[in-house]
Amino acid sequence: MEEAINIITSYMESATTDEYDEIAKTIRHDLVLTDRSKNIKKYLQYIPNTSDICRACEGSYPAQAVLVSLNTGDSYSLDLFERGIEPENYQGSTQLTFGYDEISQSSIHISKSPGENQGSAEIEHGNSIVSIHRMKSLFCDHCIEAMLEAVQDKPMTEIVILDTENALFYPVECGMELQIGDYKLKTDYQDTGYEISISPVTITK
Ligand SMILES: [Zn+2]
């Protein structure tokens, strides 16, 4: 009971009046991370962790570089050639992947042409709302802290880039260049959102 009161108190304290009205209507009794309440991390301890298997550090991935949605736990491979598939099976094909998160209303479109050594992920920015309660049912506390750390003070809070080999999280951020495994990831901002271009590190353009 005391824990329940702490949760509700945390929730009330963490929102401004306007924000509270807005949030209370849609996500009652949920603790959310928004642009204006990034210091919410101190309330994490009051919410019990109900995840059986962490979707970030205990899953098996067909790729080293993936996008992870904080609200859904869904992951999206960025590697052009995924593990377990022979390169010749990719010849001439274009792979399309689509993802949507109804809490933040952000969407992901990934288009990869492995035979041409290119791919891109477009991320349409949502409202930046991240549900800490959802995260507590999807990820271990260690990963939750690491993900919130990565997106702290960043415009994009609902999706992170994960290096699955090294369990490292990176924000989706304009101008960011990363090398994860065999691929170089470069993030730019277009009219509707972020675009991550994917290219093999061995090929210089
Ligand atoms: Zn974890």
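In this text, all values refer to a predicted model and were calculated from it rather than measured experimentally. Counting convention: from 1, in listed order, for ligands and their atoms alike.
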All pairs passing ring-ring contact (aromatic ring centres under 6.0 Å, His included) where residues 150-170 contributes a residue, at least two apart: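 Matches after skipping sequence neighbours: none remain.
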Sum of protein N, O or S atoms, each under 2.8 Å from the Zn ion (ligand 1): 4
Salt bridge (Lys or Arg N to Asp or Glu O under 4.0 Å) partners of residues 65-81, not counting sequence neighbours, each pair once: Arg55-Asp74
Which pairs of donor and acceptor atoms, one on a side chain in residues 92-100, lie under 3.5 Å apart (sequence neighbours left out)?
unit_1: Ser93; atom_1: OG; unit_2: Tyr90; atom_2: O; d: 2.9
unit_1: Thr94; atom_1: OG1; unit_2: Ser113; atom_2: OG; d: 3.3

Pair Lys186 + Glu173, salt bridge at N-O below 4.0 Å: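 Answer for the salt bridge query: no.
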salt_bridge(Lys112, Glu82) N-O dist < 4.0 Å: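 Yes, charged N to carboxylate O under 4.0 Å.
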Side-chain donor or acceptor of Asn71 paired with backbone N/O of Ile129 under 3.5 Å: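 Side chain of Asn71 to backbone of Ile129: a pair is present.
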